[in-house]
Protein chains: 2
Amino acid sequence: MSDAYYLRLTDHLRELLSGPEAFEEGRLPAERTLAERFRTTRVTLRQALAQLEGEGLIHRSNRRGWFVSPARLDYDPTRDAGFNDYVRAQGRRPRTEVLHTDTRPHRPAAEALGLPVDCSFHHIRRRRFVDDRAVLAESLWVVPARAPDLLQGDFAANSLWGELRSRWGLTLAHRSLRLYSEALAEREAAELGVAPGTAGLSVRRAIFDAQRRPVEYDEEHWLHDALCITVELENKA
Amino acid sequence: MSDAYYLRLTDHLRELLSGPEAFEEGRLPAERTLAERFRTTRVTLRQALAQLEGEGLIHRSNRRGWFVSPARLDYDPTRDAGFNDYVRAQGRRPRTEVLHTDTRPHRPAAEALGLPVDCSFHHIRRRRFVDDRAVLAESLWVVPARAPDLLQGDFAANSLWGELRSRWGLTLAHRSLRLYSEALAEREAAELGVAPGTAGLSVRRAIFDAQRRPVEYDEEHWLHDALCITVELENKA
DNA sequence: CAGTGGTCTAGACCACCCA
DNA sequence: GGGTGGTCTAGACCACTGT
């Protein structure tokens with residue numbers, strides 16, 4: 001079909017994007033320029049851009065403009081590989097910023113781990129980049145008894161799970177994942193430099209050790225177009 | 001912040017939605033009515049509705065109007081439980097329609113299963129409902145050698161994996177999943193009765209038996225607000 | 001300061017759904 | 001045939017980014 005003009009515009013732009021050297025430096029021309037070139041208004045043009053954004057082909061940053069989205073990152077949340085490792089393994093450049101740390105109670109973490117709601121956690125808030133694009137805002141809550149002086153470590157450079165294993169000898173035996181699409185709230189949107197309401201993917205994990213003791217709970221907020229979740233499984237009923 | 005009017009509108013509507021008996025029969029008033037009530041234009045009102053749609057709180061059907069979205073369905077794609085079983089287990093009513101069957105080559109299936117691109121598969125296309133809302137459009141491609149007369153079965157009522165196990169004694173040992181957010185293409189959008197470009201979640205699986213022989217490949221297209229992926233894992237490095 | 005996207009107005013016509 | 005959402009126009013002002 002594609003009878004609507006904005007859909008034909010979408011098709012047209014999609015072809016341009018897949019072509020060679022479509023837009024220099026991965027940046028699209030200004031909305032007003034594109035609207036004029038295609039003889040329509042900004043409203044209609046923006047409808048077309050929103051489509052492509054939904055498909056994960058382009059994205060916008062703050063009020064800076066529209067950019068061609070890079071390939072999605074493959075990510076297996078069931079593995080313990082560190083962010084730095086698998087980003088580099090895919091030929092990309094990882095970076096991590098720690099935004100905040102503290103030790104306080106946190107109800108969702110307590111509930112997910114089956115602990116009393118008033119018990120405290122070591123909390124780390126950080127932001128992670130792939131090739132200088134902020135793609136992930138996450139919080140981790142670690143049970144202090146499992147890793148007492150955790151917050152003295154360097155959780156930017158090192159894998160948290162690597163630390164838990166090497167410094168406290170923890171085995172991460174059982175894990176429970178929840179994953180769903182979301183609209184990024186103001187906080188995450190601000191941290192990632194996107195408009196509030198931008199489509200995201202939420203990954204939540206509760207992790208227990210071999211003795212079935214609660215170890216850690218985390219919440220990840222990804223830009224929806226930044227990743228492809230992959231899982232490899234053997235044997236399961 | 002929430003300085004923009006459409007964001008305040010979003011907050012306001014979100015409260016109404018969470019309140020008791022907010023909108024009778026789960027249906028929202030007409031856009032023009034809401035726009036007038038909140039003293040704004042349809043364009044701005046629709047921005048607010050789009051936000052709530054992104055959050056998974058409301059959805060639209062065709063040109064019929066806006067509706068309150070039901071709770072997400074919990075779904076574990078790593079398990080072999082049939083759709084009918086887990087939908088009913090959550091107190092919901094499942095339904096399945098078979099849209100199409102044939103036996104033909106299919107390149108993506110062949111590539112995912114490591115087979116020659118020209119080999120044929122038994123293909124089933126179906127649409128699945130939860131409480132009479134179409135939430136999933138899917139295609140399955142089964143290696144004919146594993147299940148020769150598959151297409152004579154009743155793949156609407158029965159679990160496909162149950163069939164593969166009971167009729168052909170197959171053990172589904174190894175599986176490889178890929179999962180990412182997408183914009184529903186025209187075909188899936190039409191099958192699910194939504195606008196093209198509606199946010200969706202794509203789940204692709206390649207499945208092998210205990211002898212590591214390819215068995216099946218499938219592609220699922222879910223409405224983004226209809227499900228929450230859950231995975232429970234023991235032991236893994 | 002110039003240029004960008006973000007937001008908003010006040011209309012219009014069309015395609016489709018349903019009574 | 002009346003009402004719904006889907007699409008579109010031609011402007012406007014604001015907030016922020018980058019120089």
Side-chain angles (χ1 to χ4, degrees), chain A residues 1-13 23 25-54 58-68 132-134 183-184 186 189-190 192-198, chain B residues 1-13 23 25-54 58-68 132 134 183-184 186 189-190 192-199:
Chain A
M1 288 299 115
S2 298
D3 42 351
Y5 185 56
Y6 83 92
L7 286 178
R8 280 187 286 138
L9 234 181
T10 304
D11 293 339
H12 193 157
L13 289 168
F23 299 107
E25 308 204 6
R27 179 171 194 158
L28 276 67
E31 290 181 0
R32 287 169 178 82
T33 307
L34 288 171
E36 192 180 10
R37 180 184 307 174
F38 295 108
R39 298 176 198 292
T40 183
T41 56
R42 270 181 73 205
V43 177
T44 302
L45 174 85
R46 280 169 66 86
Q47 254 184 300
L49 294 176
Q51 286 284 323
L52 297 171
E53 186 183 32
I58 61 175
H59 66 273
R60 50 189 145 174
S61 171
N62 273 328
R63 288 159 190 274
R64 301 196 302 117
W66 292 88
F67 300 84
V68 180
D132 286 322
R133 179 187 181 202
L184 295 175
E186 290 195 51
L192 298 179
V194 297
T198 297
Chain B
M1 289 298 119
S2 297
D3 43 352
Y5 185 57
Y6 83 93
L7 286 178
R8 278 187 286 139
L9 235 182
T10 304
D11 293 340
H12 192 157
L13 289 169
F23 299 107
E25 310 204 4
R27 177 170 195 157
L28 276 69
E31 291 180 359
R32 285 168 179 84
T33 307
L34 287 171
E36 191 180 9
R37 180 184 307 174
F38 295 108
R39 297 175 200 292
T40 184
T41 56
R42 270 181 74 206
V43 177
T44 301
L45 174 83
R46 279 170 66 87
Q47 254 184 300
L49 294 176
Q51 287 284 324
L52 297 171
E53 186 182 32
I58 61 176
H59 66 273
R60 50 189 145 175
S61 171
N62 272 329
R63 288 159 189 275
R64 300 198 301 118
W66 292 88
F67 299 85
V68 180
D132 286 322
L184 296 175
E186 290 196 48
L192 298 179
V194 298
T198 298

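Each chain gets a letter, A, B and so on, in the order the sequences are listed, and its residues count up from 1.
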How many whole angstroms separate atom [atom1] of [X] from atom [atom2] of [N]?
X       : N      : atom1 : atom2 : result
B:Arg27 : C:dC17 : CZ    : P     : 13 Å
B:Trp66 : C:dC17 : CH2   : P     : 17 Å
B:Phe38 : C:dC8  : CZ    : C1'   : 17 Å
A:Arg8  : D:dG6  : CZ    : P     : 19 Å
A:Leu45 : D:dC8  : CG    : C1'   : 13 Å
A:Arg63 : D:dC16 : CZ    : P     : 6 Å
B:Arg39 : C:dA10 : CZ    : C1'   : 16 Å
B:Leu7  : C:dG6  : CG    : C1'   : 10 Å

key: Sugar-phosphate only, base, or nothing, as touched by A:Arg60 at under 4.0 Å among non-hydrogen atoms   = sugar-phosphate

Output the single nucleotide from [options] whose closest atom is nearest the side chain of [X].
X       : options             : result
B:Thr44 : C:dC8, C:dG6, D:dT9 : C:dC8
A:Tyr6  : D:dC8, C:dG5, D:dG6 : D:dC8
A:Ala4  : D:dG6, D:dC8, C:dG5 : D:dC8

Base of [N] paired with side chain of [X] (donor-acceptor, under 3.5 Å):
X       : N     : value
B:Arg42 : D:dG6 : yes
A:Arg64 : C:dG5 : no
A:Arg46 : C:dG6 : no

inquiry  = B:Thr40 vs B:Tyr5, test: side-chain contact (heavy atoms from CB on, under 4.5 Å). Steps then yes/no.
reply    = CA-CA 9 Å; B:Thr40 184; B:Tyr5 185 57; 3.7 Å; yes

ask   = Between the side chain of A:Thr10 and the main-chain N/O of A:Tyr6, is any donor-acceptor distance below 3.5 Å?
value = yes

Test item: A:Thr198 side-chain N/O and A:Ala195 main-chain N/O as donor-acceptor pair under 3.5 Å = yes

task = Could you tell me which non-hydrogen atom of A:Pro196 sits nearest to which non-hydrogen atom of B:Leu7, and how far apart they are?
result = CG-CD1, 4.3 Å

query = With nearest nucleotides of DNA chain D determined for A:Thr41 and B:Glu31 from heavy-atom distances, which residue corresponds to the more 5′ nucleotide?
reply = B:Glu31

remark   = Note: for B:Pro29 and A:Arg32 on DNA chain D, the residue whose nearest nucleotide lies more 5' is B:Pro29

key: Distance (rounded to the nearest 0.5 Å) between B:Arg42 CZ and B:Leu49 CG   = 10.5 Å

